[in-house]
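A short worksheet on the structure shown next.
Convention: sequence-line order gives letters A, B, ...; per-chain numbering from 1.
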Protein chains: 2
Amino acid sequence: MTISFDGPPIEIDTRPAVLDQFTVDETGQAGQRPSGVAYPADADEVAALVHWAQATRTPLISRGAGTSLEGHLLAQGNELIVDLSQANSILDISPVDFTATVQPGVTRTQLNAATAEFGLQFTVDPGADASLGGMAATNASGTTTVRYGGMHANVLALQAVLPDATVVRLGRAVRKSSSGYDLKDLLIGSAGTLGIITELTVRLHPIPEWIRSLRISFPTVSAAVDAALDMIGAALPVSRLELVDAPGMIALNEFRGAGYAESPALFIDIESSSEPAGVAEEQEIRRIVQAHKAIDISAARTHTERHALWEDRHNLYFALKARHPGSQFMVTDTAVPYAQLATAVDTATRTGEELGLDVSVAGHIGDGNVHTIVPYTDLNHAAVQEFSARLVHHALAVGGTATGEHGIGLAKKKYLREEHGAAVDLMIAIKRTLDPLGLFNPGKVLDA
Amino acid sequence: MTISFDGPPIEIDTRPAVLDQFTVDETGQAGQRPSGVAYPADADEVAALVHWAQATRTPLISRGAGTSLEGHLLAQGNELIVDLSQANSILDISPVDFTATVQPGVTRTQLNAATAEFGLQFTVDPGADASLGGMAATNASGTTTVRYGGMHANVLALQAVLPDATVVRLGRAVRKSSSGYDLKDLLIGSAGTLGIITELTVRLHPIPEWIRSLRISFPTVSAAVDAALDMIGAALPVSRLELVDAPGMIALNEFRGAGYAESPALFIDIESSSEPAGVAEEQEIRRIVQAHKAIDISAARTHTERHALWEDRHNLYFALKARHPGSQFMVTDTAVPYAQLATAVDTATRTGEELGLDVSVAGHIGDGNVHTIVPYTDLNHAAVQEFSARLVHHALAVGGTATGEHGIGLAKKKYLREEHGAAVDLMIAIKRTLDPLGLFNPGKVLDA
């Protein structure tokens, strides 16, 4: 059908076969069939949709590449999907300003392909080829956060359509501003519940002259964690600092026919402005890991070697899938203070044993961010839920957070008050102020 | 007098001689005499004050070290000052977590004195020995922002008392979280209009093994700016990247009896994890500045030498004061995209000439942040106001911001809508939701 309401006419697709494609996400959970899907091209078309949604009381779920891991995109009733994946133009790349301005459907690999010719990169890397609008909406981060920060640090300004259909610009495309309230960061991570992002200006970083990748095996998780924290304490320019535990390395050996030490490993990138500086820094890292009884060190120097080294880390999920054919997977995500990291990994491993689950732990260890990958079937789905709950309770008990980067979505709403206490009432008050009709991604993040 | 209202009894000092000390700030502007001043020790006492303020409809101005440059702290009617300078305990330093938890009255030098023994530093350096609560309230940044970010990046979690007297904790003491709305960053920069900060957990960074400071003279501002941007483009680990223009260097020569080149200069810190890496990076910086026709390069290696080099930069204000005895000074603060930096400096210089003002420009050039220091007397106060207005309009016209780090306070409210458009209405809506009685620092940042 076509709607035409206080703005340009918008096509809405209501064919069941199309809508059924929007009932699942990467959580493996199923949502309801949405009432329709629209593909607006820009803020004006989104605003027209919002006017229509107000008049018809139709709730809206905004969506980018659809790579959410926490059910942000699943319809629960008669929501209309606002699919921004086709609003995917790169509007501007300004090498002098180290910025790019993009539509929300632009993916990170699309942007990086365009900025490479200027020697620049967009650094936030959540693994999936997510859209930048979706990454901002869910406050994505990933492997490079230890050096470059996540979306809060890398989005300078946003254009968004509010639930009252106003088009606003939040933040400014400068390195710093103390002008007015920080609404840009309020929208980042709000998962489409406060506004629909229609444009972003992001920071770009120089692609460094010298990059080296290392894979280092350790006798224990504690040794790997201690080595990682020593690197941070020595102000070494690590730009990726990832942990894969022994079960993960065993799965990789099976998957790749490799012969890696079947013990916890760090995957590291070191980035430097010049070869002499980088070589000195690599030596310092080698000194640190040897002090923590590293079992072996493998270094990748060329682009091809580095790609191969990191492909293992990226293949972890597929390696575990191959090891557990027919299983679904839950990927949990908590973050804890550094001092609690080894305990958090140990808690995951022990809790898995207690519940009869085959748990692998990976993590953005430089951020205190622990991911566990747990295969399950219909037979032990309850055990997986219990596993996730225990991990979250542990993280919260030691001062951590229920989610470092995947977001609250649907599955983790139940932990919101345990983590934030009375601040949840403030979140609800803000949601109700901006969206009194409750039309923007209702029931996600919080109930208001 | 003593108030006792739904909490511990609180002393309020109402002696006129005491209150008169709170009528001026570093802007040189005068506010009204406040109705009283209280010195609460913690969140419970602040909450008790807020309950009393609600009952008596007394507006509150929260205050730390009192170093605001934009009138944030000036009373405009019968406000009560909530002076948190005595709530100045360092509650925890956790070297493993690279965090410290402090009361809001702790100053940055106080915290750095305490963390030094662990080889750690709190990096945000606005120049003044501000309190951490005040720095968070105004979103302070300063010389090291180019590498370490400002308060948004360095405050992980806050405790605050809201206008309804609820004590909330916002954010978590971890490196990342995507749990719920980002209310921590909403409070940062809100200048006490949305909450009174009663505790902060901040990031600490390792004090690097190797630091070198450079002072480099250039033939033109453009050459200095281009060299600075090339350093950023080469991913060099500069942690301070400051500009002083020719009038500033001339004033420093007079003040110190020095013989520096009377042309624009960059003041730089390079920080590295080891001497070999640092030496390589310094060489690369020397290559860059020579390509931009540097006139001379002065390097400071020891702590004493480095201190002397930076003392000049810190003395700039005093040098200008000595040059203009009897004058008051306006220190303006705008930020622009990198590509507009040289033009912004040029605009400041030319506008000063047109208005008959003796303008010096300094700036955190790595952040696109331009400060101008302008002496004035009662005779040309109007010209200084006009100067500031023109600079702000220029910054906004080229995509910049009315204030990079000093905040909106009182003087820059008039530019808020020019910068943020309809987003100002959202700011007002949030203010009214949190503070319907308008008791928290009324009339600052915005009128609601």
For the atom pair NZ (A:K431) and OG1 (B:T433), what is the distance rounded to the nearest 0.5 Å?
14.0 Å
Pick one of side chain, backbone, both or neither for A:L204, based on which atoms fall under 4.5 Å of a heavy atom in chain B.
neither
Which atoms of A:L187 approach chain B - backbone, side chain, both or neither, heavy atom under 4.5 Å
neither
Heavy-atom closest contact (B:I232 atom, A:F98 atom, distance):
CG2-CZ, 4.0 Å
Need one label for B:H152: side chain, backbone, both or neither, based on atoms under 4.5 Å from any heavy atom in chain A.
side chain
More than 12 non-hydrogen atoms from neighbouring residues, nucleotides or ligands closer than 6.0 Å to CD on A:E418, yes or no?
yes
Would B:S179 and A:E419 count as having a side-chain donor-acceptor pair, cut-off 3.5 Å?
yes
Counting heavy-atom pairs under 4.5 Å to chain B, which of A:V445, A:L183, A:L416 comes out on top?
A:L183
Under 3.5 Å, is there a donor on one side chain and an acceptor on the other for A:T193 and B:Y181?
yes
So what's closer than 4.5 Å to chain A heavy atoms on B:L162: side chain, backbone, both or neither?
side chain
Against chain B, work out which of A:A235, A:A277, A:S273, A:G404 has the most heavy-atom pairs shorter than 4.5 Å and name it.
A:G404
Considering only heavy atoms and a distance below 4.5 Å, find which of B:V174, B:L341, B:D333 pairs most often with chain A.
B:V174
Applied to residues 156-176 of chain B, the ring pair (Phe, Tyr, Trp, His ring centres under 6.0 Å) test, sequence neighbours excluded, yields none
Which answer fits A:S190, side chain, backbone, both or neither, if we ask what part of it has an atom under 4.5 Å from a heavy atom of chain B?
both
With respect to chain B, which residue among A:H364, A:R169, A:H420 yields the maximal number of heavy-atom pairs within a distance under 4.5 Å?
A:H420
Is B:L426 close to A:L186 at the side-chain level, that is, under 4.5 Å between some pair of heavy atoms?
no
Select, from A:D164, A:V424, A:L194, the one with the greatest count of heavy-atom pairs under 4.5 Å involving chain B.
A:L194
For the residue pair A:A422 and B:T166, what are the closest heavy atoms and their distance?
CB-CG2, 3.7 Å
Mind checking whether B:P337 and A:R172 have side chains closer than 4.5 Å, heavy atoms only?
no
Sort A:L396 into side chain, backbone, both or neither according to what part of it lies under 4.5 angstrom from a heavy atom of chain B.
both
When the 4.5 angstrom heavy-atom criterion is applied to A:T99 and chain B, the contacting part is neither
Please rank A:D97, A:I408, A:V168, A:N139 by heavy-atom pairs under 4.5 Å with chain B and give me the top one.
A:D97
Flag the one option from B:V336, B:L170, B:I207 with the top tally of heavy-atom pairs under 4.5 Å to chain A.
B:V336
Which bit of A:E405 is near chain B, if near means a heavy-atom gap under 4.5 Å: side chain, backbone, both or neither?
both
What closest approach, in Å, do B:R175 and A:G366 show between heavy atoms, and which atom pair accounts for it?
CG-O, 4.4 Å
Among B:T334, B:T401, B:N369, B:D367, find the one that has a side-chain hydrogen bond (donor to acceptor under 3.5 Å, both in side chains) with A:S177.
B:T401
Chain B: which of A:A157, A:G180, A:A140, A:A234 shares the most heavy-atom pairs with it under 4.5 Å?
A:G180
Chain A heavy atoms under 4.5 Å from B:L236: which part of the residue, side chain, backbone, both or neither?
both
Applying a strict 4.5 Å limit to non-hydrogen atoms, the region of A:L229 in contact with chain B is both
Quick one, B:S141 with A:K176, criterion side-chain contact (heavy atoms from CB on, under 4.5 Å). Give me CA distance, side-chain angles, the key distance, then yes/no.
CA-CA 8 Å; B:S141 47; A:K176 63 181 180 193; 3.2 Å; yes
Distance from B:S178 atom OG to A:H406 atom NE2, nearest 0.5 Å?
9.0 Å
